[in-house]
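Order of appearance sets the numbers: ligands from 1, and atoms from 1 within every ligand. For this chain, numbers begin at 1 and follow the sequence in order. The structure displayed is predicted, hence computed values, not measured ones.
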Amino acid sequence: MSKHIDRLRDDHKEFGLNALNDAFEKDPIKAFQAWFDEACSSEQPEPNAFALSTINKASNQPSSRIVYLKELTKGSLVFYTNYESDKAKDIQNSPNVGALFFWPGLQRQIRIQGFASKITAQESDAYFQSRPRSSQIGAWASDQSRHLSSRKELEDKLEALNKKFSGDVERPPFWGGYGILPNRFEFWQGRPSRLHDRIVFDKVNGVWESYRINP
Ligand SMILES: Cc1cc2nc3c(=O)[nH]c(=O)nc-3n(C[C@H](O)[C@H](O)[C@H](O)COP(=O)(O)O)c2cc1C
């Protein structure tokens, strides 16, 4: 690690003109879509990767990992995963989750809080069928988050599954999507001298309320 990590500093000059203004969308879903589209068109690396935070209810321990946003439907952010993974167990017991997008090239982050629930089996089937065969077999092969004795164990399993599925691969019952229905957004735009823009949207009685907070 750099010895001078304390001196790493980016004064966020470049994007001052892109700052949030009072005309910022009143609908945070639309605002999210607008920033997400900009992140994609300005070729940010992995623009759809976000940190998903869940809580293990028994230990009261939060944990985060990166997943991919695959759809934004009916105001819900959809990602796909193993339904028996650690994150899935966390969600089952405590469906309140955090989602964090960071696009360094645009000096932007979006913090989201919401409620995660499984999407329908039909929706998961449709997405699974759109995936490359190797990813489909990979979903069958991985007991995500469980102990693995060696890399070879996984590779042997993959080989056996490749033989088993000669034609179409059906979706494993333990794999599918979750939709996160947001109840809070915070849009953060880096500005000079640490005087960044922060705009929060809270859903109160079904209606979005927005306000600025200090950087
Ligand atoms: C760029 C990137 C994208 C990822 N996308 C996914 C994803 O969409 N779904 C998923 O289950 N894991 C994804 N992972 C792996 C997760 O970060 C994590 O290792 C895995 O889901 C197991 O997490 P868990 O044990 O907390 O359940 C991704 C990792 C990276 C670095």
**Prompt:** Where does Y80 meet ligand 1, judged by heavy-atom distances below 4.0 Å: at the side chain, the backbone, both, or neither?
**Reply:** backbone
**Prompt:** With a 6.0 Å cut-off on ring centres, are F174 and W140 close enough?
**Reply:** yes
**Request:** With atom 22 (C) of ligand 1 as the reference point, say which of R65, K89, R146, K87 has the nearest heavy atom.
**Result:** K87
**Prompt:** So, the side chain of Q144 versus the backbone of E84: is there a donor-acceptor pair under 3.5 Å, distance only?
**Reply:** no
**Prompt:** Any salt bridge between E159 and K163, counting N to O under 4.0 Å?
**Reply:** yes
**Request:** Distance to 0.1 Å, residue and atom name: give those for the protein heavy atom nearest to atom 1 (C) of ligand 1.
**Result:** Y68 OH, 3.4 Å
**Message:** Quick check on the 6.0 Å ring-centre criterion: do Y178 and Y83 meet it?
**Reply:** yes
**D86 and R146 ion-paired at < 4.0 Å** = yes
**Message:** Does the Lys NZ or Arg CZ of K70 fall within the cation-pi geometry relative to Y127 - under 6.0 Å from the ring centre and within 45° of the axis?
**Reply:** no
**Asked** Which heavy atom of the protein is the closest neighbour of atom 6 (C) of ligand 1, given with residue, atom name and distance?
**Response** V67 CA, 3.5 Å
**Prompt:** Going by the order shown, which atoms of ligand 1 are within less than 4.0 Å of some heavy atom of T81?
**Reply:** 10 (C), 11 (O)
**Request:** Answer yes or no for atom 27 (O) of ligand 1: protein heavy atom present at a distance under 4.0 Å?
**Result:** yes
**Prompt:** What part of Q144 sits under 4.0 Å from ligand 1 if we count only heavy atoms: the side chain, the backbone, both or neither?
**Reply:** side chain
**Item:** Centroid-centroid under 6.0 Å between W35 and F101 rings
**Value:** no
**Asked** Of all the atoms in ligand 1, which lie at a distance below 4.0 Å from a heavy atom belonging to S145?
**Response** 24 (P), 25 (O), 27 (O)
**Request:** Specify the protein heavy atom at minimum distance from atom 31 (C) of ligand 1: its residue, its atom name, and the distance to 0.1 Å.
**Result:** I66 CB, 4.1 Å
